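Because the structure is a prediction, the values reported are computed rather than measured.
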Amino acid sequence: MTEFIQYLNGEEQMRKLLFRLNARTQFCLSMGSTQTSDVAGISAAGATPEFRRLTPAADAEALVFGHTLSVDKLPVSPLGVVSPVVITRACLNLAGLIPHIVNCGAFVVPRVPFLGVGTAPAAAISTGRAMPPDLVCALFSRGYEFGLQRSRETDSIVMAECVPGGTTTALGVLIALGYDARRALSGSIPNCNHDMRLELVEEGLRNASLQPGEGDPIAILAALGDPMQPFVAGMALSASKHIAVILAGGSQMLAVYALCKAFAPMYDIQIKDSAIGIVTTKWVAFDEHARVPHLCEEIDAPMAAACPDFNLSRHPGLQLYERGNVKEGVGAGAAMVLAYNALQGDTAAMMNAIDQSYDEMVRYPCSEAIS
């Protein structure tokens, strides 16, 4: 029988970090947008480019209230697979945690209480001018301050994201930092659309006159990033001085961890010994169309994966996760680990709660047949 939590890298460190997750853990969802999400076929975080602009607000609302306010239904992929927010909400409820929302710069402001740290989405990565450098610096500084504040209130924090098109900006940042990320990152599209993402990244690198491995993190984010990345990197670095930090996500959080490594010397932080780790889902970690374990080891990022069996769900729309649809988002992997700990390993109870969450939140079930 497969263990529910599997380790890709830094098992000892990850075990220590996960042990520190408890009922006092804070869960923070940082949302943002990039015009990269407007490219047809680039992301499954919304059925159309127009809807992808609404996805961060819709996910934040659904996470907090159990239903959307900005739109009439939950975000779905082009194949009709529902947002992982149904997973995260169910699991946070099981763990007894209330989510905190941060708007780093989304197209649509969510109709929930939130901390606003940015006001503008990023431009398309292909322009090579995603964000003004002063905005990048401001987002990083706000994140650093917020991380210090939160570290005084708890002994562990889970940092999740919602950024449609974010695996493309993650690819851009990782390549620009000098990592071998080509065809390595997973994503919400089943086959990972590597060629499409890489073409946009290479166009952005040319337009920014950036050579891989030569830019500083501010310049790289300004050219190719999204608003979530500098904020969460700053928050993770400062908080990790005092508490355990879990970056909740897959490809996007590998990029954030790499940014933490790039920024760390500026703040006299030894990232190798820091209390930062990544938790994702098995659908990202072991995606046959990507090379996530290889990239994880290259970055030297401590990383673990939640390994549920959604074939046991009674909903076809959740069973489709087992076929590589959507895979991760809204911190679903880390949320499942939180619930697993709270339930003392009762995965059947967790699956039942996720199914019930789907019953309550999904008014337009997935129409894709399971064959």
Side-chain angles (χ1 to χ4, degrees), residues 4-5 18 21 23 25-32 44-46 55-69 73-77 81-103 106 110 112-114 156-164 166 188 228 232 246-253 278-285 304-308 310 313 315 317-318 320-321 325-343 347 349-362 366:
F4 185 81
I5 301 173
L18 296 183
L21 299 180
T25 297
Q26 292 195 9
F27 185 97
C28 178
L29 175 67
S30 295
M31 49 178 281
T55 292
D59 273 343
E61 292 160 0
L63 184 62
V64 173
F65 295 129
H67 58 85
T68 56
L69 297 170
K73 60 180 179 178
L74 289 179
V76 297
S77 76
V81 184
V82 74
S83 164
V85 71
V86 299
I87 304 168
T88 304
R89 179 173 168 81
C91 291
L92 292 187
N93 285 341
L94 289 170
L97 301 182
I98 298 173
H100 302 270
I101 309 299
V102 179
N103 179 15
V112 298
F114 68 89
S156 58
I157 189 165
V158 174
M159 303 178 186
E161 57 73 30
C162 181
V163 185
S188 56
M228 177 277 295
V232 175
I246 296 297
L247 299 175
S251 301
Q252 297 187 52
M253 290 309 184
I278 304 171
V279 175
T280 188
T281 66
K282 69 174 186 179
W283 306 301
V284 168
C307 301
F310 273 28
S313 170
H315 291 294
L318 290 175
L320 281 171
Y321 274 74
N325 290 276
V326 183
K327 303 188 185 94
E328 170 67 284
V330 201
M336 285 190 281
V337 170
L338 286 164
Y340 180 82
N341 290 347
L343 293 170
T347 55
M350 184 194 306
M351 192 72 255
N352 182 64
I354 293 170
D355 275 339
Q356 184 175 345
S357 177
Y358 193 100
D359 290 335
E360 296 168 353
M361 296 175 69
V362 181
C366 174

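For the residue pair Met336 and Pro308, the shortest heavy atom distance occurs at SD-CG, 3.6 Å. Annotation for Pro84 and Val326: closest pair CD-CG1, 3.6 Å, computed over non-hydrogen atoms. Nearest heavy-atom pair, Tyr358 versus Gly317, reported as atom, atom and distance to 0.1 Å: OH-CA, 3.8 Å. Shown here for Lys282 and Cys307, the closest heavy-atom pair between the two residues is CB-SG, 3.8 Å. Here the closest heavy-atom approach between residue Leu21 and residue Ile246 is recorded as CD2-CG1, 4.1 Å. Minimum heavy-atom separation, Ala342 to Ala95: CB-CA, 3.9 Å.
Two residues are said to be in side-chain contact when any heavy atoms from C-beta on lie closer than 4.5 Å; Val86 and Leu318 meet this criterion. Looking at heavy atoms from C-beta onward, His315 lies out of side-chain contact with Val82 at the 4.5 angstrom threshold. For the pair Leu29 and Thr88, the minimum side-chain heavy-atom distance is 4.5 Å or more. Contact check for Phe310 versus Ile354: side-chain heavy atoms found under the 4.5 Å cut-off. By the 4.5 Å heavy-atom criterion applied to side chains, Pro110 and Pro56 are not counted as neighbours. Considering only heavy atoms from C-beta on, Cys91 stays 4.5 Å or farther from Leu338 through its side chain.
At distances below 3.5 Å, not a single donor-acceptor pair connects side-chain atoms of Asn325 with backbone N or O atoms of Val81. Of the possible donor and acceptor atoms, none in the side chain of Ser30 sits under 3.5 Å from a partner among the backbone N and O of Val232.
Remark: His100 engages no residue in a side chain to side chain donor-acceptor pair (under 3.5 Å) (not counting sequence neighbours). With sequence neighbours left out, the side chain to side chain donor-acceptor pair (under 3.5 Å) criterion links Ser313 to Asp355.
Sequence neighbours left out, the pairs with a member in residues 326-341 that pass salt bridge (charged side-chain N to carboxylate O under 4.0 Å, His left out) are Asp287-Lys327.
In this pair, Phe4 and Tyr340 present their aromatic rings parallel. The plane angle is below 30°, not in the 30 to 60° band.
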Is there a side-chain contact (heavy atoms from CB on, under 4.5 Å) between Leu92 and Leu63 once you walk through the steps?
CA-CA 9 Å; Leu92 292 187; Leu63 184 62; 4.1 Å; yes
Go through the steps to decide whether Thr281 and Ile87 satisfy the test side-chain contact (heavy atoms from CB on, under 4.5 Å), and finish with yes or no.
CA-CA 11 Å; Thr281 66; Ile87 304 168; over 6 Å; no
Mind running side chain to side chain donor-acceptor pair (under 3.5 Å) on Ser83 and Asp59 for me, showing each step along the way?
CA-CA 8 Å; Ser83 164; Asp59 273 343; 2.8 Å; yes
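Here CG of Leu94 is found 9.5 Å from CG of Asn352. Values are rounded to the nearest 0.5 Å. Distance check: Thr55 OG1 to Met31 CE gives 10.0 Å after rounding to the nearest 0.5 Å. The structure places CD1 of Ile101 at 7.5 Å from SG of Cys28, a figure rounded to the nearest 0.5 Å. A distance of 12.5 Å separates CZ of Phe27 from OG of Ser156, quoted to the nearest 0.5 Å. For the atom pair Gln252 CD and Met228 CE, the distance stands at 4.5 Å (nearest 0.5 Å). Rounding to the nearest 0.5 Å gives a distance of 9.0 Å between NE2 of His67 and CD of Glu61.
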